[in-house]
Trainee: 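Here it is, the structure, as structure tokens.
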Amino acid sequence: MKDAKIVAKTHANHSSEIAIAPSTTIGGKSLFIIGGPCSIESMPQMETIAQTLLKAPVQGLRGGIYKPRTSPYAFQGLGDVGLDILSAIRQRYSLPVITEVMAIHQIEKLMPHADVLQVGSRNMQNFDLLKALGEVDKPVLLKRGLAATITEFVMAAEYIASHGNSNIILCERGIRSFDSYTRNVLDLGAVAALKQITHLPVLVDPSHATGKRELVAPLARAAVAVGADGLIIECHPDPERSISDARQTLSLEAMTELIESLRPLAQAVGRSIPDAALAPAGPSA
Ligand code: PEP
Ligand code: MN
């Protein structure tokens, strides 16, 4: 991987901590756990999620507003209305937010309202989008393409870095294989490999990797054990009624329990999970 000029690790202790918001980083000793719905659906939905997850605690909120759906007839996200909701929740709860950018023209719109821009699996090799994200001053969460090799994944990150933005967080979210029992196959070997090849933080998304809520917690625990820097997990106040990805979505109670169960594991691998008391304060007024 001789062309991984910027993202490659140059020595054993070379690892980058990416600043997400004032006093919040990804890639340090503390794990970064992101929770939230597949899609932003309404203000009450996001209020309930933010209030509950602040106490879980999570360090970031996710929520799609521009959605890459397999069918053009499926819900495509709330679009600009969703952006208003995301922005209000971000201000009210002081939690960093992450949302997907599907096209270059959405970057400018998202810039003032998102703390991290997500490049979805289907866009991992949208090179024009990667180049454009290289020119902005905003961390990018780059998800692995559904059939991308580790080299292709690392080189996609290099595209962003080579255009000026090295605030990149990698995310393993499962790859296609022959077995349809799970939605994808979570490649934990890739997580260990990426931590050895690059200095970038690596998150794991056990929701899209498995497609089944009952498999999310065990794989989240495995991800922490293998050295992931954090997790991104879909959860919802009424998971069965999620407009998208209901089958893989956790309840807020299950999410809270999962985070608690990760504490001893995190400690065993020299990591930590912030206490709820240390999480950003709740609604300002
Ligand atoms: C998502 O995070 O909602 C999503 C669509 O993920 P992926 O791009 O990994 O399929
Ligand atoms: Mn989803």
Side-chain angles (χ1 to χ4, degrees), residues 32-41 45-46 49 58 60-72 74-79 82-83 85-86 96-103 106 110 114-126 129-130 133 139-148 150 152-153 156-157 160 168-177 182-188 190-191 194 202-213 215-216 219-220 223 228 230-251 255:
F32 198 93
I33 302 175
I34 301 165
C38 180
S39 307
I40 289 182
E41 299 168 7
Q45 173 218 28
M46 289 307 289
I49 291 173
V58 296
L61 278 182
R62 62 153 287 149
I65 53 190
Y66 308 117
K67 295 298 301 175
R69 304 303 302 283
T70 300
S71 166
F75 176 61
Q76 303 285 306
L78 288 182
L83 188 53
I85 298 173
L86 187 73
V97 300
I98 167 161
T99 197
E100 177 162 352
V101 56
M102 285 177 53
Q106 293 164 352
L110 291 173
D115 298 284
V116 179
L117 298 176
Q118 170 175 326
V119 175
S121 196
R122 291 154 192 81
N123 266 323
M124 188 206 80
Q125 282 188 319
N126 180 340
L129 179 62
L130 301 179
L133 289 167
V140 175
L141 181 110
L142 179 66
K143 297 187 93 174
R144 182 178 182 184
L146 39 141
I150 292 174
E152 287 164 345
F153 189 20
I160 303 172
I168 305 160
I169 303 132
L170 302 175
C171 179
E172 162 59 37
R173 46 77 75 203
I175 46 171
R176 283 266 164 90
S177 188
T182 53
R183 184 173 179 179
N184 291 292
V185 174
L186 181 60
D187 187 357
L188 287 174
V191 178
L194 290 164
V202 182
L203 299 192
V204 167
D205 173 349
S207 308
H208 293 89
T210 60
K212 292 187 167 168
R213 71 172 64 84
L215 295 176
V216 169
L219 290 184
L231 297 160
I232 177 163
I233 296 176
E234 288 183 343
C235 44
H236 189 287
D238 191 353
E240 305 279 358
R241 290 186 195 222
S242 301
I243 298 182
S244 52
D245 286 349
R247 183 66 184 86
Q248 68 196 32
T249 298
L250 295 186
S251 68
M255 178 68 173

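First listed ligand is number 1; within each ligand, the first listed atom is number 1. Start at 1 with the first residue, then count along the sequence. Note: hydrogens, waters and symmetry copies are ignored here, and every other heavy atom, side chains too, is used.
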Trainee: What protein heavy atom sits nearest atom 6 (O) of ligand 1, and how far off is it?
Mentor: Lys143 NZ, 2.9 Å
Trainee: Do any nitrogen or oxygen atoms of Asp245 come within less than 3.5 Å of a nitrogen or oxygen of ligand 1?
Mentor: no
Trainee: Is it the case that more than 12 heavy atoms not belonging to Arg69 sit under 6.0 Å from its CZ atom?
Mentor: yes
Trainee: Do any nitrogen or oxygen atoms of Glu100 lie less than 3.5 angstrom from nitrogen or oxygen atoms of ligand 1?
Mentor: no
Trainee: Which angle, to the nearest 10 degrees, do you find at the Mn ion (ligand 2) between NE2 in His208 and OD2 in Asp245?
Mentor: 90°
Trainee: Working to the nearest 0.5 angstrom, can you tell me the gap between Ile168 CD1 and Leu117 CG?
Mentor: 12.5 Å
Trainee: Evaluate the side-chain proximity of Arg247 to Arg213: yes if any heavy-atom separation is below 4.5 Å, no if none is.
Mentor: yes
Trainee: What's the shortest heavy-atom distance between Leu146 and Arg173, and which atoms?
Mentor: CB-NH1, 3.7 Å
Trainee: Does any part of the side chain of Ile150, heavy atoms only, come nearer than 4.5 Å to the side chain of Leu194, both counted from C-beta?
Mentor: yes
Trainee: Quick one, Pro37 and Thr249 - any side-chain contact, counting heavy atoms below 4.5 Å?
Mentor: no
Trainee: Please tell me if the side chains of Ser244 and Glu234 come closer than 4.5 Å, counting only heavy atoms from C-beta onward.
Mentor: no
Trainee: Is there a side-chain contact between Gln45 and Ile243 in this structure, where contact means two heavy atoms from C-beta onward sitting under 4.5 Å apart?
Mentor: no
Trainee: Can you tell me which residue and heavy atom of the protein come closest to atom 4 (C) of ligand 1, and the distance to 0.1 Å?
Mentor: His208 NE2, 3.4 Å
Trainee: Quick check on contacts: which atoms of ligand 1 are under 4.0 angstrom from a heavy atom of Arg173?
Mentor: 7 (P), 9 (O), 10 (O)
Trainee: State, to the nearest 10 degrees, the angle whose vertex is the Mn ion (ligand 2) and whose arms point to SG of Cys38 and OE2 of Glu234.
Mentor: 90°
Trainee: Checking a contact table here: which protein heavy atom is nearest atom 8 (O) of ligand 1, and how many Å away?
Mentor: Ser121 N, 2.7 Å
Trainee: My understanding is that we take every heavy atom of each candidate and find the minimum distance to atom 2 (O) of ligand 1. Doing that for Arg69, Arg144, Arg62, which one comes out nearest?
Mentor: Arg62
Trainee: Using a strict cut-off of 4.0 Å, indicate which atoms of ligand 1 neighbour a heavy atom of Glu234.
Mentor: 3 (O)
Trainee: Relative to the heavy atoms of Gly120, which atoms of ligand 1 are at a distance of less than 4.0 Å?
Mentor: 8 (O)
